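The first residue in the sequence is number 1, and the count goes up from there. Here the structure is a predicted model, which is why all the values come from computation and not from measurement.
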Amino acid sequence: MTSNIAKSLNAVTKYARELLIVEILEYMRTLLERWMKETLLKAKGTFTYLGYKFNKELDDNRTLSHKLRVRASTDYIHTVIDGVRRYIVCLEKKKCSCGQFQLDELPCPHVLAALRQRDESF
């Protein structure tokens, strides 16, 4: 019984089987090195830009957060006051009582205000 990984590796090393053991090991080392480099380059490219829509929403939320007052209840739980409305933010569980943070997975103004209170960035 073989897994997909074993089948893939067998297919890639098919021509290296005729080499001496030392040469096979060197072939495998360079192959894995190349794969790791490709994976690293892909991973580095994924965290660069959210896209115009999400960057604009994040900037708008950051602007709105400056108008809010924050009272820390504990290290992770904050009450954010927006006029007459109050929102509870739990930074540890990544939740806000407005529900936007859980829905969008993008920090709402209340979360950004709580983070600013703690001198942290998102």
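Exactly one of His110, Gln117, Arg116 qualifies for a side chain to side chain donor-acceptor pair (under 3.5 Å) with Ser65. That residue is Arg116. No option in Val80, Thr79, Leu115 other than Val80 meets the side-chain contact (heavy atoms from CB on, under 4.5 Å) test with Val89.
In this structure, Arg86 and Arg71 have side chains that are in contact, with non-hydrogen atoms separated by less than 4.5 Å. Using a 4.5 Å heavy-atom threshold, the side chains of Val12 and Trp35 count as touching. Taking 4.5 Å as the limit, some side-chain heavy atom of Asn10 sits within range of a side-chain heavy atom of Arg17. You'll find the side chain of Leu31 reaches within 4.5 Å of the side chain of Arg34, heavy atoms only. The closest side-chain heavy-atom distance from Ile88 to Ile77 is below 4.5 Å. The side-chain heavy atoms of Leu91 and Val111, taken from C-beta on, include a pair separated by under 4.5 Å.
Atom CZ of Arg85 and atom OG of Ser97 lie 10.5 Å apart (nearest 0.5 Å). Rounding to the nearest 0.5 Å gives a distance of 6.0 Å between CG of Leu112 and CG of Leu58. Atom CG of Leu106 sits about 8.5 Å away from atom CZ of Phe101, to the nearest 0.5 Å. Distance check, rounded to the nearest 0.5 Å: CG of Leu68 to OH of Tyr87 gives 9.0 Å.
A salt bridge is absent between Lys53 and Glu57; no separation between the charged side-chain nitrogens and carboxylate oxygens falls under 4.0 Å. Looking at Arg62 and Asp59, a side-chain N of the basic residue comes within less than 4.0 Å of a carboxylate O on the acidic one, giving a salt bridge.
By the 6.0 Å contact criterion, CD on Glu18 is open, its count of non-hydrogen atoms from other residues, nucleotides or ligands being 12 or less.
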Q) Given Gln102 and Cys96, is the side chain to side chain contact (heavy atoms under 4.5 Å, CB included) satisfied, shown in steps? A) CA-CA 7 Å; Gln102 298 88 283; Cys96 179; 4.1 Å; yes
- Item | Stepwise salt bridge (Lys or Arg N to Asp or Glu O under 4.0 Å) test for Lys37 and Glu33 | CA-CA 6 Å; Lys37 183 179 178 182; Glu33 189 176 272; over 6 Å; no
Evaluate the side chain to side chain contact (heavy atoms under 4.5 Å, CB included) criterion for residues Asn61 and Gln100: first the C-alpha distance (whole Å), next the side-chain angles of each, then the deciding distance (0.1 Å), finally the verdict. CA-CA 11 Å; Asn61 288 349; Gln100 183 183 352; 3.8 Å; yes
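Both tests pass for Arg118 against the ring of Tyr76: distance under 6.0 Å to the centre and angle within 45° of the axis.
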